[in-house]
Amino acid sequence: MNTTNPQLNKHGELQHLLTIEGLPRDVITRILDTAAPFTELVHQEEKKLPLLRGKSVFNLFFENSTRTRTTFEIAAKRLSADVINLNINTSSTAKGETLLDTVDNLAAMQADMFVVRHASSGAPFLIAQHLAATKQDHIRVVNAGDGRHAHPTQGLLDMYTIRHYKKDFTKLTVAIVGDILHSRVARSQIHALSTLGVPEIRAIAPKTLIPTAAERMGVKVFHDMREGLKGVDVVMMLRLQNERMLGALLPSPQEYFKNYGLTPEKLALAKPDAIVMHPGPMNRGVEIDSAVADGGQAVILPQVTFGIAVRMAVMSMLAGN
Amino acid sequence: MKLKIKNGRLIDPANNIDRNTDLFIADGRVVAIGNAPEGFADSGAMGVIDAGGCVVCPGLVDLSARLREPGYEYKATLESEMAAAAEGGVTSLACPPDTDPPLDEPGLVEMLKHRARLPEFAKVYPVGALTVKLDGKHITEMAELAEAGCVAFSQATVPVLDTQVMLRAMQYAATFDYPVWLSAQDPYLARNGVAHDGEVAARLGLTGIPVAAETTALGTLLLLAQETGVRLHITRISSSAGLDMVRIAREQGISVTCDVAATHLHLSDHDIGFFNPHARLNPPLRSLRDRDALRTGLANGVVDALCSDHTPVDDDGKQMPFDEAEAGATGLELLLPLALKWGNEMKLPLLDTLAKVTSIPARLLGIDGGNLAVGAPADVCIFDPEAEFRVSRENLRSQGKNTPFLGHMLGGRVRYTLIDGVLAHDGSWA
């Protein structure tokens, strides 16, 4: 028990999307390929496809996130699914209902898919394992961000964006900058980039924001941002949470910006055609200068658009299309 | 009642005996080894146990088994856990004071001892609370508690933040030569931590507990032990670096012993797999390198004893996301198989392996037991070292079904457990 990843069935097919770690390269590529035609939909009069018609998608958000929830909702609706949004912050748990009780109740309402956001790392795994143990694993689980662990659809949409602008992963140097320790986005990006064959992944942050044994995940750690940005093709910025800015991790947002904020001057050290990404929402003046965020190298808004297509691809593949 | 245990391989580590011979018991004590004492068969009924193919050894002495009484009866009861002890060949056990209320008053200790007095129950040796309510501020009435039956004083896993209180508590315990058992984990460095701070925690996004949480706390405890001369026992050491500190302290003449949990001899943080809540333990499972150091340390005596750290947790406490799940594993029934597995893998003589769970912990507890000398209490474990079984929820007697070994095949099945000559477990049918 708990020794095999429940997201792939015994034929190696995608059952749930819980993490990018361990996903074969061809599965990732297939998701990106499936997403490509969906990006064209927005330009059509009729934006909806019938791929999830009659299916019920439950957005289970145990942690607040308007942005991610909305993109999943749009993606599901464009696939003609019925979408039910549940913000379960503390409402149920305050009444003493356990996570798995909640899941069983919603399963009894004939859910077809759970999109799960939870503050605890591994919570979507627990749900998937429980569904398997109770023979309800026709219900698919999509991890929409669990604790510090993973945010696989974000990682995939980032890969879609990089592929869109850079084509070939195997010649790239990619820098991830910011709070890697607490970032589920960074973990998913690192697994995706290494699976797709990126030869050099750099992690740039002060020591307080880098996990122990980060090198074991296949990244090259830099504490000097200027050094780390030299010659990179892609700069992936991370959001710095407000609660990390003052305390024992960092002294102040000002000092952080001075050392790790992306300014035009620092970006100039990267390749001239380097792209700048951010998972949003941005803290302007903390991790990124407005001149960069709004500049010609930023691809932050296309990321959002691609995100809907990638989430459509994931949901339609999980639904068996 | 008289009893003859015949045809077994008698292993008594305390007396360096390992040979095929018979054991004779009368009135709850060992009366002879080899040949029956004169007149043994002449009067009264005599029971005979055929221990052919089995090892006959002292009943196991477990330095840490949570019985969950008082206060946590929904997790386990004395009855369920005593059945587990008997099933596991454990005849004496020390229980940590982190009950609700904690074992900080003589009345509570007396009640527990009273509840556990049944002849087929393992002998319970309560470890008293070092501070009132484990609050880390006020020391307990240690002499009263010792009179009520406490064999040592401990905080379980609750820290004492105030080092002056720790110094005073050690001084007071040293006054009466009471042993102090403490876990070494700095609560600040371990804050919110749920797993060893290493590659696995980094990958899974779990908050790490660095080795420094153990070593910094250990440094304080060892220096205060040196200062006070208290008999210090470190419970559940978890890291290679911590082990080095204990070894060096001992070389410097500090009175310190330590134990390790059976889970930590066999598992590492990699066994967390995909967030298996059964691998959520306190202290955390550390790296493979740490695990190997613990295995070697137990073999060469830097770690004195092996214990189960039995902690039954109900399903509701475990069926949670990893970081919310309650820490701990059930272990009374797995102590012997896990000790045997370690001994086999380390290629140790069976006598040396069994010493870690019989004679040595008995010495640390200061009890009359853990050996089979003539005159010793007839606490006996008879097990088939070749018999294998699969660990499953169904075959665990403990109310806690929480163990990372679920599904594993383990060797060593207890056939009979005797406590003061009374048959507490008869698994001869198995």
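Bear in mind that the values here come from a model prediction, so they are computed numbers and not experimental data. Residue numbers start from 1 in every chain, and the chains themselves are labelled A, B, ... in the order their sequence lines are given, proteins ahead of strands.
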Asker: Just checking heavy atoms, which of residues 203-225 of chain A are less than 4.5 Å from chain B?
Answerer: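 Hits under 4.5 Å: A/Pro211, A/Thr212, A/Ala213, A/Arg216, A/Met217.
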Asker: Against chain B, work out which of A/Pro6, A/Ser183, A/Ser120 has the most heavy-atom pairs shorter than 4.5 Å and name it.
Answerer: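 Heavy-atom pair counts peak at A/Ser120.
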Asker: Is chain B contacted by the side chain of A/His182, its backbone, both, or neither, given a heavy-atom distance below 4.5 Å?
Answerer: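 When you check distances to chain B, no heavy atom of A/His182 falls under 4.5 Å.
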Asker: Among B/Leu204, B/Thr207, B/Leu206, exactly one meets side chain to side chain contact (heavy atoms under 4.5 Å, CB included) together with A/Arg148. Which residue is that?
Answerer: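 One option only clears the test, and that one is B/Thr207.
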Asker: Hey, does B/Phe275 have a side-chain heavy atom less than 4.5 Å from the side chain of A/Ser121?
Answerer: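 SC-SC contact between A/Ser121 and B/Phe275 confirmed.
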Asker: Quick one: CG on A/Leu100 to CG on B/Asp316, what's the gap to the nearest 0.5 Å?
Answerer: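 If I round to the nearest 0.5 Å, the distance is 9.5 Å.
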Asker: Should the ring pair A/Phe125 and B/Phe274 be called parallel, tilted or perpendicular, given that the plane angle runs from 0 to 90° and is split at 30 and 60?
Answerer: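 Judged by the thresholds at 30° and 60°, the geometry between A/Phe125 and B/Phe274 is parallel.
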Asker: Working to the nearest 0.5 angstrom, can you tell me the gap between A/Leu126 CG and B/Gln319 CD?
Answerer: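 Between atom CG of A/Leu126 and atom CD of B/Gln319 there are 6.0 Å.
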Asker: Heavy atoms only: give me the nearest A/His149-B/Arg203 pair and the separation to one decimal.
Answerer: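 Minimum heavy-atom contact is CD2-O, 3.6 Å.
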Asker: Using non-hydrogen atoms only, which part of A/His118 is less than 4.5 Å away from chain B: side chain, backbone, both, or neither?
Answerer: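 Answer is side chain: those atoms of A/His118 sit under 4.5 Å from chain B.
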